Amino acid sequence: MPLESLRLCAVSVDLDEIPNYHAIHGLPAPQSPGATAVHDVALDRLDALAERAGLPLTLFAVGASLSREQSAQSLRRMADHGHEIANHSLDHFYDLTRRTADEMRRQIEHGADVIERAVGRRPIGFRSPGYVITDELMDVLIASGHKYDSSVFPCPAYFATKAAKLTMIAVRGRRSRSVQDHPRVLLSPTRPYRPGKPYYRQGDLPLIELPVQVTRGARLPYIGTTLTLSGSRTASLLTKMVLGEPVINLELHGMDVLDSRDGLQALIGHQPDVDIDHGRKVNVLEGVFAQIRKSGYRFVTLQQAATEVERALSSQP
Ligand SMILES: [Zn+2]
């Protein structure tokens with residue numbers, strides 16, 4: 001079956017823990033109990049949401065979070081419920097791609113080791129912190145046995161917003177840990193592809209790139225934050241702008257099912273979606289899932305999506 005005929009939707013969740021959000025906004029480290037809300041609260045809500053919607057999730061875990069036994073246990077429970085666990089690096093360094101080759105390797109391999117120890121299965125998928133990927137990092141992924149990457153985010157609006165946000169944070173005298181990607185990423189395909197060198201061109205590397213979803217046309221970000229912030233009506237319009245794509249790669253964050261009452265008061269005024277009630281955000285997401293399913297899509301893990309994409313690409317001349 002050619003790539004164009006696929007109708008797959010994969011919902012993934014980056015499990016950035018609350019201290020990562022503090023780091024983005026240049027805020028001091030969070031206090032408990034909210035500091036581990038993603039593993040303590042969000043995972044259960046995501047599991048319930050996935051069960052109601054009848055879909056498997058792909059969870060991108062950060063190795064360092066799993067040194068806390070309760071967090072490792074919650075993740076293991078998710079794996080036992082059939083969700084895929086993938087690699088979001090060891091420490092979630094936003095400047096991962098600017099570190100030495102040795103450190104990059106350590107971040108990827110040790111991240112995979114820790115996840116394997118926690119859930120009993122070695123991850124084969126990777127997503128880079130802050131969507132920043134390079135050819136060098138691709139090589140590390142291949143050498144460490146990863147079969148797919150889902151870090152490319154060819155989204156001009158996100159790119160512009162991130163630049164503006166980093167500027168604002170700097171103007172206010174704080175320092176964000178986030179780093180700006182190179183605009184070349186905007187040249188990459190928006191549909192799944194086999195990358196080459198450079199990674200934003202098609203080629204013959206032994207892994208599949210599953211870009212984070214953007215809409216057709218203006219290439220607006222089609223991710224959890226955009227959907228929950230814009231509400232059901234706009235979310236439905238955005239969804240119409242991705243229906244028909246062979247793979248809808250919808251990326252969420254733990255934050256998409258949390259709100260300030262989960263111990264996240266310190267993020268009020270910095271993280272806009274923390275003000276929206278988590279029940280309302282979940283409703284928006286459920287509406288979107290139903291709309292996608294009604295249009296004939298099958299919900300799969302990213303691993304399954306990568307396998308079917310690979311098959312489709314190899315059947316094409
Ligand atoms: Zn992340």
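Just follow the structure's listing: the first ligand is 1, and inside any ligand the first atom is 1. Fair warning: this is a prediction, and the values are worked out from it, not measured in the lab.
For the pair R293 and F299, the cation does not sit on the ring face, since its NZ or CZ is not both under 6.0 Å from the ring centre and inside 45° of the axis.
Rounding to the nearest 0.5 Å gives a distance of 13.0 Å between OG of S89 and CD of E109.
A ring-centre distance under 6.0 Å is not found for Y148 and H146.
Of the charged side-chain nitrogens involved, at least one lies within less than 4.0 Å of a carboxylate oxygen, so that E310 and R194 count as a salt-bridged pair. Using a 4.0 Å cut-off between charged side-chain N and carboxylate O, D135 and R201 make no salt bridge.
Around the Zn ion (ligand 1), protein atoms of type N, O or S found under 2.8 Å number 4.
Among R121, R76, R122, the single residue meeting the salt bridge (charged side-chain N to carboxylate O under 4.0 Å, His left out) criterion with E116 is R122.
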